[in-house]
2 protein chains.
Amino acid sequence: MSKAEALKPPTGRKRQRITIADVAKQAGVATMTASRALNRPEMVSDELRTRVLQAAEELNYIPDRAAGGLASGAGLALPVLVPTLHHSVYVQILEGLEETLPEAGYQLLLGSTEYSREKEEKLVEVFLGWRPSGIILSGIDHSERTTRLLRAAGVPVVEIMDLAEPEQTGLPLDLNIGFSHYRVGEAVVDYLAGCGYRQIASAGTLTELDPRSVRRIQGFQNALRRRGLPHHLIGRSDRPSSLAVGRDLLSGLLAEHPTMDAVFFANDELAAGALFECQRRGIEVPAHLAIMGFSDEEIASHLNPALTTVRIPRREMGRLAADLLLARLGGQLGPQAPIDVGFDIVQRATTRSLPRELQERV
Amino acid sequence: MSKAEALKPPTGRKRQRITIADVAKQAGVATMTASRALNRPEMVSDELRTRVLQAAEELNYIPDRAAGGLASGAGLALPVLVPTLHHSVYVQILEGLEETLPEAGYQLLLGSTEYSREKEEKLVEVFLGWRPSGIILSGIDHSERTTRLLRAAGVPVVEIMDLAEPEQTGLPLDLNIGFSHYRVGEAVVDYLAGCGYRQIASAGTLTELDPRSVRRIQGFQNALRRRGLPHHLIGRSDRPSSLAVGRDLLSGLLAEHPTMDAVFFANDELAAGALFECQRRGIEVPAHLAIMGFSDEEIASHLNPALTTVRIPRREMGRLAADLLLARLGGQLGPQAPIDVGFDIVQRATTRSLPRELQERV
DNA sequence: CTGAAAGCGCTAACAA
DNA sequence: TTGTTAGCGCTTTCAG
């Protein structure tokens, strides 16, 4: 009748989970002792510990995390929501997170929102059911319900890849590490205008698709306006970004604004696509047209000509997010002001070089 | 003293999880009724169901999956192990999986092994602790312990991206969907030799890094041997693949084998890097050198000249894996022979075109 | 240092 | 249709 009876030979038809009770029985100790031997070895005598460990090994015992978490009240899961895995930016942020979090015993649960608040809301709801110790979100724009659920759950939240400004009341939700997309837009205009470009276009995906891209464009347009430059040269696609969309965006822009002399794309992939299209059309870059990307993916430096773009510290953002979260989970960290990790313009060959006297402004 | 006392106002300092008991109390029903109203609505009267649902909404109740799984014995997690997220191949496989699995109530747990069996083993161990309903692995090469743990756990396993051949005894572990890398290697030689190339090199990362790449090279070398062509033109790097490594590989190969006329790279990223290097050096492709990639990522068709490569049905593989797993979990599927999804050579512009009379062989 | 009892939040099984 | 009881596998008390 004993449950442990059928476990030795895996011959039996019925799958019998091996529990810590089985291990304890095999080692001839109490369940609790087995638990301690496994989790707090220093609290158990050498002899018993050895016996337990050996029994566990023999039985291929694997602790049930769900049961453990339930009993201890501890959360073990750490959901990370990113908009997409197609941009290496997010993959690298994940790498930053994975450097420390798994070691600390947390399980990263990955979800991709596809830039949709509704999908984000769904994912948050699902993940909250996994007793998360915390949660990492991309961006600071969430649905009202997402915010409410998160608040109600009372889990630490880290928002990355965007920066809550002081005037945005109620933001951030909790911890926040990122940079100002608005200022990226401004800086790009400063840079391109400094290089002497005057007909500067922006191109990206539909505004609803990415609020951060929208904020970049706001900064971009305001900076143009301040300089008295035209700011109506806008290319938009309703498809998710890809090289093909980059080509199409460029073609459309060229048709509509034949006089434009520079384009700022919402990411390097679009910019690379545009560059390929220029190659095919025989448009000389940067002599006839300047192209600028955003995020500095690996391809940027390998393109011919190499792509001028904006570098953002993704891995660092991931690492920092992990560190902050760990500190907060350890109870060593209270409320915290948003952390700005900044960005840099990487000048390469798809733009004319900036005159000497302006170099340091970048 | 009642536990539910402190829950209404979130003012209290102490975080009080809202449980189904709280919902039941608020709705004035038994816990079990609340559970049924939430999970099997049809078993509860309209009135009570409405009351329960409303209470749940008001309290922002989120069911605890760990507790639910524990009680019902059901597994809710579905780990997916991929070697890396840097190749879009794996991202697309994930998309294929995500089309159906989450809807069916499963939570995908993502782990990346970085092409390491040790890391894979660790991940399997961790994930097995999450009561997985099944598990999806990349490739058919696993450590002895991984195999043992998986067998002991008795969970359905799907191995993707490679195909177990009949002569490989003990393989696959369970379900298997993929294609033969060995035959890819052969087909590439058939194709390149058919185009008239004679000094054909292969280039990729170190053999330990990717057993599937090794198998491709085996097929490649055997096919060369059969044709009496030299098969010692091999470029290897110990760094994970990237555009930069592709360039270096090409440079190294060029220095060692000045007479080579074609190179087959282990993936499109390496091939793209090599192509960029050719552009920089002014080497004409395919006039002076043919370049061929593997996996047909988006960039392949946009490069100038566009890259000849091997297309593999990744999204389909993901979808199929999901379907099979679902069928197995539903008990409608017994042991199953490996499923070959095949591959195609996509002829583009980095290789001379194949003579007419050979076209259909590809 | 070791053990026994209680219970985490939920649902299967049974009873009403 | 609804409620009660027991227990999933583990760890937290609290005793020895």
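Labels below follow one simple rule: chain letters A, B, ... track the order of the sequence lines, proteins then strands, and each chain is numbered from 1. Remember, predicted model here, so these are calculated numbers, not experimental data.
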Would you say a side-chain N or O of [X] is under 4.0 Å from OP1 or OP2 of [N]?
| X | N | value |
| --- | --- | --- |
| B:Ser35 | C:dT11 | yes |
| B:Ser45 | D:dT1 | no |
| A:Thr31 | D:dG9 | no |
| A:Thr33 | C:dG3 | yes |

Between [N] ([atom2]) and [X] ([atom1]): distance, integer Å:
| X | N | atom1 | atom2 | result |
| --- | --- | --- | --- | --- |
| A:Leu70 | D:dG9 | CG | P | 12 Å |
| B:Arg40 | D:dG3 | CZ | P | 17 Å |
| B:Met32 | D:dT1 | CE | C1' | 12 Å |
| A:Tyr61 | D:dG9 | OH | C1' | 7 Å |

I'd like to know if [X] and [Y] make a salt bridge, using a cut-off of under 4.0 Å between side-chain N and carboxylate O.
| X | Y | value |
| --- | --- | --- |
| A:Glu121 | A:Arg117 | no |
| B:Glu316 | B:Arg319 | yes |
| A:Arg49 | A:Asp46 | yes |

Next item on the list: Remember a base hit wins even if backbone is also touched, and classify B:Arg36 as base, sugar-phosphate or nothing at under 4.0 Å, heavy atoms.
Entry: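 Base, at least one base heavy atom under 4.0 Å.
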Next item on the list: Check every strand shown and say whether A:Glu42 touches a base, only sugar-phosphate, or nothing at a heavy-atom separation below 4.0 Å.
Entry: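 Sugar-phosphate only.
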Margin query: Starting the side chain at C-beta, find the nucleotide from C:dA13, C:dG9, C:dG7 nearest to A:Ala71.
Written below: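 Ranking C:dA13, C:dG9, C:dG7 by closest atom to the A:Ala71 side chain puts C:dG7 first.
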Note to self: If you only use heavy atoms from C-beta on, which nucleotide in C:dA4, D:dT12, C:dT11 is closest to the side chain of A:Ala30?
What the structure shows: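 The nucleotide sitting nearest to the side chain is C:dA4.
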